[in-house]
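Single-structure report; data block below.
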Amino acid sequence: MDYTPSETRYSGKMEYKYCGNSGLLLPRISLGLWHNFGDVDDFEVATDMIKHAFDQGITHFDLANNYGPSPGSAESNFGKILKRNFLGYRDEMIISSKAGHEMWAGPYGDGSSRKNLMASIDQSLKRTGLDYFDIFYSHRYDGVTPVEETMQALIDIVRQGKALYVGISKYPVEKARLSYHLLKEAGVPCLINQDRYSMFTREVEEGTLQLAQEAGCGFIAFSPLAQGLLTNKYLHGIPEDSRAARSTGFLKREQVTAEKVALIRLLNELAKKRNQSLAQMALAWVLRDERVTSVIIGASSVRQLADNLETLNQMSFTQEELDEIENILK
């Protein structure tokens with residue numbers, strides 16, 4: 001092992017926030033491994049990003065069984081990185097994973113059934129080399145499986161010691177409400193709700209955030225930069241090294257419209273006035289809401305990760321700035 005984590009990582013500028021009504025602190029900025037940690041990516045770059053994140057006080061690393069590509073490879077690579085670099089530091093990390101989207105062929109490799117969740121967590125633990133996950137999520141409501149079945153699987157996963165806490169992701173409001181009730185009644189309260197939230201995607205403001213707060217549940221936002229749209233990458237079109245240019249990504253070329261680019265440019269001008277990059281302002285904007293525990297950022301390089309962490313230097317907004325953002329988005 002040629003890497004020793006910095007012993008000053010908790011004395012820096014990282015901020016931590018209690019997750020809902022629990023005693024668990026999460027960093028305001030967490031690192032997601034949705035992209036850039038799979039078989040198609042550079043393993044050494046991925047290693048350097050995780051090292052840098054941990055040194056800067058990012059203690060939470062977010063996975064799912066299908067992250068890659070190929071599916072499962074992000075968990076496998078993360079497990080290798082942990083084994084080679086972080087032996088002895090497991091208790092300083094919050095590691096989460098999820099199941100619910102298509103992972104393997106056949107009728108049982110997809111969805112929110114008990115069969116899928118139980119098989120998935122065992123596979124994920126094996127790939128990562130972990131004894132347990134700190135947080136394990138139902139990755140989605142599949143529209144078919146009764147919520148009671150899915151929540152009972154999560155309850156049993158905690159009781160079996162395979163996860164310390166459980167969460168839900170991308171659940172409709174009424175299904176989330178039922179999930180909170182079932183988990184609380186069983187004595188395994190829902191720790192956290194994970195959903196998409198950014199300046200460009202605000203559906204969670206219509207009930208999800210309020211319901212989570214009422215239930216004493218934390219909330220963590222993924223895609224706070226709208227898959228990279230809320231950065232300076234797309235101010236002048238689509239760069240060939242961008243996510244929209246990659247065939248393996250979720251952001252498509254057709255989503256980078258002229259209208260969207262016009263909004264991005266206006267927001268970028270406001271960010272300049274705040275002495276921030278557009279990405280930093282976009283992250284701070286999501287974190288401005290007290291109901292948001294943390295944001296999950298992706299990164300393709302240490303430099304990009306470091307730039308995003310500079311968000312913590314300027315987290316506040318004037319009312320005039322918030323009004324200007326609303327006017328731009330309208």
Side-chain angles (χ1 to χ4, degrees), residues 16-30 32 60 62 64 94 96-101 111-114 117 133-158 163-224 226 282-297 322 325-326 329:
Y16 300 86
K17 184 179 176 72
Y18 284 106
C19 190
N21 288 346
S22 79
L24 184 69
L25 286 165
L26 290 183
R28 301 309 309 277
I29 295 177
S30 302
H60 178 213
D62 184 74
I94 301 297
S96 60
S97 195
K98 322 174 195 71
H101 285 291
S112 307
S113 70
R114 179 182 180 88
L117 264 63
F133 287 109
D134 296 280
I135 307 168
F136 193 74
Y137 292 86
S138 169
H139 206 165
R140 65 174 178 132
Y141 170 64
D142 64 10
V144 178
T145 307
V147 172
E148 291 85 351
E149 177 180 341
T150 306
M151 293 307 111
Q152 188 61 54
L154 293 180
I155 291 162
D156 291 342
I157 281 169
V158 170
L164 302 184
Y165 303 91
V166 294
I168 58 175
S169 179
K170 306 193 300 283
Y171 268 52
V173 171
E174 288 309 311
K175 299 302 180 182
R177 189 188 308 275
L178 178 56
S179 299
Y180 295 150
H181 171 73
L182 293 168
L183 292 171
K184 182 178 180 180
E185 287 295 301
V188 184
C190 186
L191 175 79
I192 194 164
N193 189 338
Q194 181 176 145
D195 214 327
R196 193 184 305 270
Y197 187 30
S198 73
M199 288 178 175
F200 288 162
T201 307
R202 301 176 63 175
E203 287 81 359
V204 296
E205 295 176 349
E206 298 170 7
T208 296
L209 287 170
Q210 184 62 30
L211 181 62
Q213 182 183 50
E214 292 170 358
C217 179
F219 179 87
I220 187 165
F222 74 87
S223 293
L283 292 173
W285 183 88
V286 173
L287 288 168
R288 86 202 184 286
D289 193 314
E290 282 299 312
R291 298 169 295 185
V292 175
T293 311
S294 179
V295 294
I296 298 173
I297 61 169
L322 292 173
I325 289 170
E326 290 297 329
L329 295 176

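Every heavy atom of this structure was used, including side-chain atoms; hydrogens, water molecules and symmetry mates were not.
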Are any of the side-chain heavy atoms of D195 and E203 separated by less than 4.5 Å?
no

Parallel, tilted or perpendicular: which describes the rings of W285 and Y197, with under 30° parallel and over 60° perpendicular?
tilted

I'd like to know if the side chain of T150 and the backbone of S112 have a donor-acceptor N/O pair within less than 3.5 Å.
yes

Supply the atom-to-atom distance R140 CZ to S169 OG, rounded to the nearest 0.5 angstrom.
11.0 Å

When rounded to the nearest 0.5 angstrom, what distance separates OH in Y16 from OG1 in T293?
15.0 Å

For residues 210-221, please give each side-chain donor-acceptor pair under 3.5 Å, one per line with the distance, not counting sequence neighbours.
residue : atom : partner : partner atom : Å
Q210    : OE1  : R291    : NH1          : 3.3
Q210    : NE2  : E214    : OE2          : 3.2

Close side-chain approach of Q152 and L182, heavy atoms under 4.5 Å
no

Would a 4.5 Å heavy-atom cut-off, applied to side chains only, mark K170 and H101 as touching?
yes

Flag the pair I94 / L26 as yes when at least one side-chain heavy-atom distance between them is below 4.5 Å, and no otherwise.
yes

Please examine the side chains of L183 and V166, heavy atoms only from C-beta on, and report whether any two atoms are closer than 4.5 Å.
yes

What distance do N193 atom CG and L209 atom CG have between them, rounded to the nearest 0.5 Å?
8.5 Å

Looking only at atom types and distance, does a side-chain atom of R196 sit under 3.5 Å from a main-chain N or O of S223, one as donor and one as acceptor?
no

Going by heavy atoms in the side chains, are L25 and K17 under 4.5 Å from each other?
no

Could you walk me through whether V158 and L164 satisfy the side-chain contact (heavy atoms from CB on, under 4.5 Å) test, starting with their C-alpha distance in whole Å, then the side-chain angles of each, then the deciding distance to 0.1 Å, before giving a yes or no?
CA-CA 6 Å; V158 170; L164 302 184; over 6 Å; no

Below 4.5 Å, heavy atoms only, C-beta onward: do S96 and D134 meet side chain to side chain?
no

Check the side chains of S30 and S294 for a donor-acceptor pair under 3.5 angstrom, ignoring hydrogens and angles.
yes

Can you measure from CE (M151) to CG (D156) and round to the nearest 0.5 angstrom?
12.0 Å

Any Y137 side-chain heavy atom under 4.5 Å of Q194 side chain:
yes

